[in-house]
Number of protein chains: 2
Amino acid sequence: MKTSIERKPLRPASTQALVGREPAAPESEPMFDLIELFFFAYRDFVGDADRLLENYGFGRAHHRVLHFVYRRPGLAIAALLDILKITKQSLNRVLKQLLDAGFVEARAGATDRRQRLLFPTPKGAKLAQELAILQSERFRRVFGELPPEAREATADFLLAMINASDRERVRAHLPPRRRRRQLPEDDAA
Amino acid sequence: MKTSIERKPLRPASTQALVGREPAAPESEPMFDLIELFFFAYRDFVGDADRLLENYGFGRAHHRVLHFVYRRPGLAIAALLDILKITKQSLNRVLKQLLDAGFVEARAGATDRRQRLLFPTPKGAKLAQELAILQSERFRRVFGELPPEAREATADFLLAMINASDRERVRAHLPPRRRRRQLPEDDAA
DNA sequence: AGAAATATGTCAATATAGCTGACGTATAAG
DNA sequence: CTTATACGTCAGCTATATTGACATATTTCT
């Protein structure tokens with residue numbers, strides 16, 4: 001079967017008007033500017049960490065696990081799965097590598113010995129910090145270029161972007177200052 | 001060889017103090033709050049589109065291609081590769097599917113016939129709009145909950161987060177209002 | 001005590017999205 | 001007329017995720 005990527009019956013582009021532009025007033029104006037800005041900003045933000053992780057043979061998945069283990073030491077597997085919203089099979093490959101490489105360690109729960117509670121090792125804590133510092137440098141440059149209210153405004157914006165179902169849990173880990181604003185209950189999902 | 005994920009010599013967690021917390025003043029305070037907020041906010045933001053794309057058998061890669069073809073009709077392959085920062089082999093699989101399914105079409109360049117300029121079909125334009133509207137609904141809810149300056153402040157923040165090397169190109173596609181601020185030249189990469 | 005639920009690990013197969021390297025072809029530019 | 005450019009494609013590889021099925025240790029319920 002012929003694929004449609006091949007060189008043949010292409011008329012020159014100039015012979016036809018652009019298709020699909022000016023859609024005669026869509027239902028609710030799409031905010032293309034913010035969509036693209038968010039895409040590029042997040043891509044460059046995670047790119048910083050990607051380069052550091054390469055030195056360790058780790059990827060983004062390892063970063064996420066290490067980060068949350070560092071931030072919530074004693075985290076159980078199920079809680080981590082709930083944060084990351086991936087399956088345990090997916091987590092296991094990555095977590096196994098972090099355990100084998102000595103960046104994370106697991107200990108049986110004190111009350112429930114079925115649980116395997118995760119802790120960063122000193123080595124793991126060091127890497128988690130380096131990654132966080134690297135990403136914070138970008139934030140620091142950005143807020144150095146913006147008015148002083150920008151940091152609070154940004155945190156408010158990002159928090160509001162999170163699905164209501166997770167918002168409270170995320171807010172609980174914010175520094176006290178950032179925990180003020182009480183938003184109404186609704187969810188875009 | 002034994003893996004380290006297995007149930008055996010785990011002492012209870014309570015017998016050891018948490019490792020790696022309170023790192024005795026890191027070089028420059030990591031902004032953990034913003035790092036996590038950015039992670040969760042972006043995850044939920046793209047999740048909206050993911051659900052719609054499933055109905056078409058498409059993934060995020062298709063979304064990105066369709067979006068930029070819709071926004072920059074007549075885009076050449078090389079320009080698209082430069083925006084997405086992926087290889088042509090990666091692009092080709094996804095682009096082929098969009099061409100075959102009739103969401104995008106390619107036409108030879110008028111001046112340079114080696115180029116294959118990409119355009120959305122009416123069907124492709126419709127899907128691109130639906131996706132953008134869906135993601136804009138989240139923005140609209142968010143800015144409805146925040147003070148009126150928040151939208152401008154958010155655009156400023158996101159633009160500043162982008163690597164300087166790409167910032168001008170992105171700014172060129174913003175609506176006029178959003179193009180004011182001239183930031184100093186520097187790059188975190 | 002015994003059954004059932006829970007927390008976790010693991011095997012196998014599959015999908016998506018990316019990569020490198022090598023090579024082919026049409027067109028443009030020197 | 002040679003070289004460079006824009007693109008397509010084949011082959012093989014990696015990382016990250018999925019579903020489904022099953023195993024094991026431990027807790028909880030009856």
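Given the structure is predicted, the values throughout are model-derived calculations rather than measurements. Each chain gets a letter, A, B and so on, in the order the sequences are listed, and its residues count up from 1.
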(message) Taking only side-chain N and O atoms of R113(B), does any of them lie within less than 4.0 angstrom of OP1 or OP2 on dA28(C)?
(response) no

(message) Any side-chain N or O of T87(A) below 4.0 angstrom from OP1/OP2 of dA17(D)?
(response) no

(message) For E137(A), is there an ion pair with R140(A) - N to carboxylate O distance below 4.0 angstrom?
(response) no

(request) State plainly whether the residues D33(B) and R151(A) are in salt-bridge range, i.e. N to O under 4.0 Å. (result) yes

For the pair made of [atom1] in [X] and [atom2] in [N], what is the distance, rounded to whole Å?
X	N	atom1	atom2	result
L99(A)	dT8(C)	CG	C1'	13 Å
R116(B)	dT9(D)	CZ	C1'	12 Å
L81(B)	dT9(D)	CG	P	14 Å
D100(A)	dG9(C)	CG	P	12 Å
D82(A)	dT6(C)	CG	C1'	15 Å
L91(B)	dT9(D)	CG	C1'	13 Å
L80(B)	dA6(D)	CG	P	15 Å
K88(B)	dA26(C)	NZ	C1'	13 Å

(message) Testing Y42(A), F40(A), F45(A) one by one against Y42(B) for a ring-ring contact (aromatic ring centres under 6.0 Å, His included), which residue passes?
(response)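 Filter result, single survivor: Y42(A).
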
(request) From the options F143(A), F38(A), F157(A), select the one residue that forms a ring-ring contact (aromatic ring centres under 6.0 Å, His included) with F157(B). (result) F143(A)

(message) Any donor-acceptor pair, under 3.5 Å, between the side chain of R114(A) and the base of dT8(C), if you only look at N and O atoms?
(response)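 Counting by modelled atom types and ignoring angles, no donor-acceptor contact under 3.5 Å is found here.
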
(request) Could you check which of dA17(D), dG8(D), dA5(C) has an atom nearest any side-chain atom of I86(A)? (result)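 So the nucleotide nearest the side chain must be dA17(D).
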
(request) Compare every heavy atom of F32(A) with every heavy atom of A132(B), then report the nearest pair and how far apart it is. (result) CB-CE2, 3.4 Å

(request) Specify whether F39(A) and F68(B) have parallel, tilted or perpendicular ring planes, treating 30° as the upper limit for parallel and 60° as the lower limit for perpendicular. (result) tilted

(request) Go along nucleotides 10-16 of chain D 5' to 3' and tag each nucleotide: B for a protein heavy atom under 4.0 Å from its base, S when only backbone or sugar atoms are that close, - otherwise. (result) B-----B

(request) Check each of R43(A), R60(A), H63(A) against D50(A) using the side chain to side chain donor-acceptor pair (under 3.5 Å) test, and report the only one that passes. (result) R60(A)

(request) Could you pick out which residue, T111(A) or D112(B), lies toward the 5' side of DNA chain D when each is mapped onto its nearest nucleotide? (result)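 Whichever sits nearer the 5' end wins; that is D112(B).
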
